[in-house]
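Hydrogens, waters and symmetry mates are skipped; everything else that's a heavy atom, side chains included, is used. Letters A, B, ... are given to chains in the order of the sequence lines, protein chains preceding strands, and every chain is numbered from 1.
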Protein chains: 2
Amino acid sequence: METRELRYFVAVAEESHVGRAAERLGIAQPPLSRAIAQLERRLGAQLFTRTPQGMTLTSAGETLLREGRAALAAVEAAERRTRRAVAAAGRAPVVLTAKAGASSELMAKLLDAYAAEPGAVDVDVVLSPPGHQALMLRDGRADVAILHRPFDDLSGFDVEQLLVEEQVLILPAGHPLSSATSLTVEEASSVPDLPLPRWPHLDGSYPDGPGPELRDLTQVLQLVRLGRTAIMLPDSARANLRDGLAVVPLSDAPQVTTVIAWPPHSTSPGVAGLVRTATRL
Amino acid sequence: METRELRYFVAVAEESHVGRAAERLGIAQPPLSRAIAQLERRLGAQLFTRTPQGMTLTSAGETLLREGRAALAAVEAAERRTRRAVAAAGRAPVVLTAKAGASSELMAKLLDAYAAEPGAVDVDVVLSPPGHQALMLRDGRADVAILHRPFDDLSGFDVEQLLVEEQVLILPAGHPLSSATSLTVEEASSVPDLPLPRWPHLDGSYPDGPGPELRDLTQVLQLVRLGRTAIMLPDSARANLRDGLAVVPLSDAPQVTTVIAWPPHSTSPGVAGLVRTATRL
DNA sequence: TGGCGTCATACCCCTGCGGTATCGACCCGC
DNA sequence: GCGGGTCGATACCGCAGGGGTATGACGCCA
């Protein structure tokens, strides 16, 4: 199977529509139809069921979509890391990715400590939207990432645990619940005048619901202060809070674990150094 | 980058020789030379240094070899799992791979317990040479594997720990050391009349050394009985021992952990059932 | 220095990918 | 029930590029 075929397949699977997929790929519709038919013939598997409304995946197709995305990411990673290895000459900057606006204190400590190490290489910090860190690590755009259990998918990475925290609810100061000594997730989710905000999926779309659509943390804290929403955050978020906000511990929310993650078999000395420094914090 | 290019590159890297690689690939030498040159141009990276003796990898080339092999395994896995998904219809047999001759007691218990579960699917057991289990899991030839820390490379897999054991030295009954109550690895390795056996690498070649070349466990036990070698094994190997063999605990050998491993994001109900059963043993 | 081994280049052929035009099937509104 | 608007599939053509053979350039060794 060639990566071109996989890319074509993934495009059609994602669009559920040959015409749109062809447009996205920059080719005409007929060759794409033909390529998919040929792929199905070669695999001996029906990948789509054709309907008058477009194409829907069969279960074999779903397998190929899942596995094929991982395979494409691996190929892209190989290409990117090779490109970077050439620029490298051994002392290329390490690309570290983290969630914008999270773990800033920990990150600052880590970067300072690492920079003080003998032989430290430059660290490019790439702040990306929530959930994108793992993707960037998988496709080679980043060398190392700060991720959060249980939110990020850590499968396939080597990780070192850095921090375990309880979660708290941040709500407007003066709200009736703000004087509670502790709340459950159930209670926090069902306050009618404080709907929890909605975060975008990986593709940029938003789940349905009553809460505001949000992209970053400063936004949400402002809205909390205005009494429009409340939010569950790891305990370390307290450090960044200003006036107008109240904090209530959540008794039954899952603990949040902050980890540093890197692709298995990484040979970058920069990654090794960062990880070593991180585990000593 | 197309998988064809990657396959060509890996062949040349492994053979260090365009002609031999071309033969292995079933094409002529000139197109292969051209393909490599084109790949280097497109990546903007020198992958090989040309010598009159052949091609040797640059450091960028080593990066691409490592990453490229993983990528190719991922593509092959996608293809195999899709092929198997079509035959599937939901109740395809699960392929479990394990080291020939190891963990047989544990495996028997696992297979029996799983077969007794409601809704259990068939399990194809593939016994493969030491070290091949992880490869089979990576390229989709197997769905789940029994692996051993620290010998197997578990990176990139989800695992559940099944068993932790100390290691012991197996030597001929009556050997002077057989009456020792405990030995160090150092001591066990330096007995002049009992050189430790050599196991094949993944490519089938053997490391240099004085000990006998071996492929499987019954062979080695026979040679131990004949006083030609000794071997370090996990404690559970005692169960299979017959007369003529002595066992001495090793005080400083690393513990051996037996795990059940599967590819992340596996959706196979058979794998899930096996893992669930295994963790309850 | 000639012979042998390496990989690179030159040139040709033909497969197979992508393009345009068109078809067949289905859904919908009237 | 019939035309128009969706789909994806098919037919056909042109050409880029991958693969073939023949040969060259270069370093090593006897």
Side-chain angles (χ1 to χ4, degrees), chain A residues 1-62 64-65 68 72 75 79 82 86, chain B residues 1-62 64-65 68 71-72 75 79 86:
Chain A
M1 207 169 24
E2 292 303 312
T3 59
R4 184 183 50 83
E5 301 179 278
L6 264 183
R7 275 189 285 266
Y8 285 9
F9 167 77
V10 170
V12 173
E14 286 179 353
E15 299 286 347
S16 300
H17 191 289
V18 180
R20 278 196 302 273
E23 191 179 358
R24 193 173 110 187
L25 292 166
I27 65 172
Q29 171 259 318
L32 184 54
S33 278
R34 201 179 38 190
I36 296 295
Q38 185 171 317
L39 181 61
E40 288 181 318
R41 226 175 311 122
R42 287 212 258 247
L43 287 175
Q46 179 91 0
L47 299 172
F48 294 100
T49 55
R50 275 74 169 169
T51 75
Q53 286 72 43
M55 320 268 279
T56 61
L57 283 169
T58 62
S59 74
E62 275 169 18
L64 186 58
L65 180 58
L72 283 178
V75 171
E79 190 163 345
T82 305
V86 57
Chain B
M1 209 168 25
E2 291 302 313
T3 59
R4 184 182 50 82
E5 302 180 276
L6 264 182
R7 273 189 287 266
Y8 285 9
F9 166 78
V10 170
V12 173
E14 286 179 352
E15 300 285 347
S16 300
H17 191 291
V18 181
R20 279 197 300 274
E23 191 180 356
R24 192 172 111 187
L25 292 166
I27 65 171
Q29 171 259 316
L32 183 54
S33 278
R34 200 179 40 192
I36 297 293
Q38 186 172 317
L39 181 61
E40 287 182 317
R41 225 175 312 123
R42 288 212 258 248
L43 287 174
Q46 180 92 0
L47 299 172
F48 294 99
T49 55
R50 275 75 168 169
T51 76
Q53 286 72 43
M55 319 267 281
T56 61
L57 283 170
T58 62
S59 74
E62 275 169 18
L64 185 58
L65 180 58
L72 283 178
V75 172
E79 191 164 345
V86 56

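- Between A:Gln29 atom CD and C:dT22 atom C1' the separation is 11 Å, expressed in whole Å.
- The interatomic distance linking B:Gln53 (CD) with C:dC4 (P) rounds to 17 Å, in whole Å.
- Atom CD in A:Glu5 sits 8.0 Å away from atom CG in A:Leu43 (nearest 0.5 Å).
- The separation between B:Phe48 atom CZ and C:dT6 atom C1' is 14 Å, rounded to whole Å.
- In this structure, the side chain of A:Gln46 does not engage the main chain of A:Thr58 through any donor-acceptor pair within 3.5 Å.
- A:Arg20 and A:Glu14 are not joined by a salt bridge, as no carboxylate oxygen comes within less than 4.0 angstrom of a charged side-chain nitrogen.
- In terms of modelled atom types and a separation under 3.5 Å, the side chain of A:Gln29 and the main chain of A:Gly19 share no donor-acceptor contact.
- The phosphate of C:dA8 (OP1 or OP2) has a side-chain N or O of B:Ser33 nearer than 4.0 angstrom.
- At the phosphate of C:dC17, OP1 or OP2 sits under 4.0 Å from a side-chain N or O atom of A:Arg4.
- Along DNA chain D, the nucleotide nearest to A:Gly54 and the one nearest to B:Ala35 differ in position, and the one closer to the 5' end is contacted by A:Gly54.
- You'll find that the side chain of B:Pro30 is closest to C:dA8, out of C:dA8, D:dC7, D:dC12.
- The nucleotide whose nearest atom lies closest to any side-chain atom of A:Arg34 is, among D:dT10, D:dG27, D:dC12, D:dC12.
- Projected onto DNA chain D by closest heavy-atom contact, A:Thr51 and A:Pro31 fall at different nucleotides, the more 5' of which corresponds to A:Thr51.
- One can place NE2 of B:His17 at 14 Å from C1' of C:dA8, the figure rounded to the nearest angstrom.
- Between the P atom of C:dT20 and the CG atom of A:Leu32 lies a distance of 14 Å, rounded to the nearest Å.
- When heavy atoms are screened at a 4.0 angstrom cut-off, B:Tyr8 is found touching the sugar-phosphate backbone but no base atom.
- Atoms CD (B:Glu15) and P (C:dT6) sit 12 Å apart, rounded to a whole Å.
- Atoms CD1 (A:Ile36) and C1' (C:dC17) sit 14 Å apart, rounded to a whole Å.
- The shortest distance between the side-chain N/O atoms of A:Gln38 and the OP1/OP2 oxygens of C:dC17 is below 4.0 Å.
- Candidate nucleotides C:dC7, D:dG20, C:dG19 were compared by shortest atom distance to the side chain of B:Ile27, and D:dG20 ranks first.
- The shortest distance between the side-chain N/O atoms of A:Arg50 and the OP1/OP2 oxygens of D:dA9 is below 4.0 Å.
- Atom CZ of B:Arg42 and atom C1' of D:dA16 are 12 Å apart (whole Å).
- Within a 6.0 Å radius of CD in A:Glu23, no more than 12 heavy atoms belonging to other residues, nucleotides or ligands are found.
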